[in-house]
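The first residue in the sequence is number 1, and the count goes up from there. The figures that follow rest on heavy atoms only: side chains count, while hydrogens, waters and symmetry mates do not.
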Amino acid sequence: QVQLVESGGGLVQAGGSLTLSCAASGRTFSSSGMGWFRQAPGKEREFVAAIRWSGGRTDYAGSVKGRFTISRDNAKNTVYLQMNSLKPEDTARYYCAAAKSDYGLEYASAYDYWGQGTQVTVSS
């Protein structure tokens with residue numbers, strides 16, 4: 001089992017920045033990829049960004065590319081999501097997820113473990 005705990009969410013004005021953290025514990029060696037997803041009220045959960053523990057290759061959703069940066073600290077088993085130039089449409093609950101495989105990380109079905117999420121609210 002892998003346990004994931006997100007932190008760093010909050011309320012920010014449009015144009016501002018936030019950094020989310022996801023601390024992984026447990027059988028973290030069984031995880032190859034990590035991702036961030038978000039879900040706004042009344043909407044489906046959508047992919048935001050993903051990173052591989054080995055090599056650090058990243059993927060981004062088109063809506064956040066150039067504004068968000070995903071990174072990892074292997075020694076701390078922690079993944080970060082730096083969010084800049086935030087927009088009201090970025091308002092959502094953000095979830096961290098861990099996958100045993102590093103394929104298809106843009107799909108929620110690829111992930112085996114999920115955190116409880118952290119709320120991000122961007123005011124206009």
Side-chain angles (χ1 to χ4, degrees):
Q1 289 282 356
V2 175
Q3 293 79 42
L4 303 171
V5 179
E6 303 99 332
S7 61
L11 173 64
V12 64
Q13 288 188 333
S17 299
L18 278 176
T19 300
L20 305 183
S21 299
C22 174
S25 61
R27 297 173 62 89
T28 57
F29 57 85
S30 68
S31 168
S32 295
M34 299 289 293
W36 286 97
F37 285 73
R38 66 187 182 186
Q39 188 167 17
K43 295 187 177 181
E44 293 186 353
R45 189 170 297 191
E46 64 173 356
F47 170 73
V48 176
I51 191 167
R52 285 76 179 164
W53 283 116
S54 178
R57 188 166 66 91
T58 58
D59 295 308
Y60 294 93
S63 59
V64 306
K65 193 173 292 184
R67 299 188 298 123
F68 291 11
T69 302
I70 188 171
S71 61
R72 84 234 189 269
D73 185 328
N74 291 43
K76 295 182 178 180
N77 289 326
T78 299
V79 174
Y80 305 96
L81 185 68
Q82 172 69 44
M83 305 185 294
N84 298 324
S85 302
L86 283 161
K87 305 174 181 179
E89 50 264 42
D90 294 318
T91 295
R93 191 163 186 85
Y94 283 70
Y95 296 89
C96 173
K100 294 178 181 178
S101 172
D102 62 358
Y103 293 103
L105 292 181
E106 68 271 31
Y107 302 106
S109 58
Y111 294 84
D112 302 281
Y113 307 100
W114 291 84
Q116 294 300 307
T118 184
Q119 179 67 34
V120 172
T121 303
V122 184
S123 63
S124 57

* Asked: With side chains defined as the heavy atoms from C-beta onward, is the minimum distance between W36 and V79 less than 4.5 Å?
  -> yes
* To do: Group every Ile, Leu, Val, Met, Phe, Trp and Tyr by side-chain heavy-atom contacts under 4.5 Å, then state whether L4 and V48 land in the same group.
  => yes
* To do: Give a yes or no answer on whether the side chain of E6 reaches the backbone of C96 with a donor-acceptor pair at less than 3.5 Å.
  => yes
* **Pairs meeting criterion salt bridge (charged side-chain N to carboxylate O under 4.0 Å, His left out) with involvement of residues 64-74, two or more places apart** => R67-D90
* Asked: Are M34 and Y113 linked, directly or through other ILVMFWY residues, by side chains that come within less than 4.5 angstrom of each other?
  -> yes
* Are L86 and F47 grouped together when hydrophobic residues (ILVMFWY) are joined by side-chain heavy atoms under 4.5 angstrom apart? -> no
* Structure fact -> Applied to residues 40-54, the salt bridge (charged side-chain N to carboxylate O under 4.0 Å, His left out) test, sequence neighbours excluded, yields R38-E46, R52-D59
* Give the minimum heavy-atom separation between V2 and A24, together with the two atoms involved. => CG1-CB, 4.4 Å
* Main-chain N/O of V5 paired with Q116 side-chain donor or acceptor, under 3.5 Å -> no
* **For the student: nearest non-hydrogen atoms of A98 and S31, plus distance** => CB-OG, 3.7 Å
* Looking only at heavy atoms, what is the nearest atom pair of V120 and G9, with distance? -> CG2-CA, 4.2 Å
* Asked: Roughly how far apart are D112 CG and Q1 CD, rounded to 0.5 Å?
  -> 10.0 Å
* Any side-chain heavy-atom pair of Q119 and T91 under 4.5 Å -> yes
* **side-chain contact (heavy atoms from CB on, under 4.5 Å) partner of L20, chosen from F68, Y80, Y94** => Y94
* Flag yes if L18 and I51 sit in one hydrophobic cluster, no otherwise; membership is Ile, Leu, Val, Met, Phe, Trp, Tyr, and two members link when side-chain heavy atoms are under 4.5 Å apart. => yes
* Asked: Would Y95 and L81 show up in the same hydrophobic cluster when neighbours are defined by side-chain heavy atoms closer than 4.5 Å?
  -> no
* Is there a donor-acceptor pair under 3.5 Å between the side chain of S32 and the backbone N or O of K100? -> yes
* Decide whether S123 and Q13 meet the rule of one side-chain donor and one side-chain acceptor closer than 3.5 Å. => no
* Structure fact -> Of all heavy-atom pairs linking A40 and A92, the shortest is N-CB, 3.8 Å
* Structure fact -> Closest heavy-atom pair, S17 versus S85, reported as atoms and distance to 0.1 Å, is OG-N, 4.4 Å
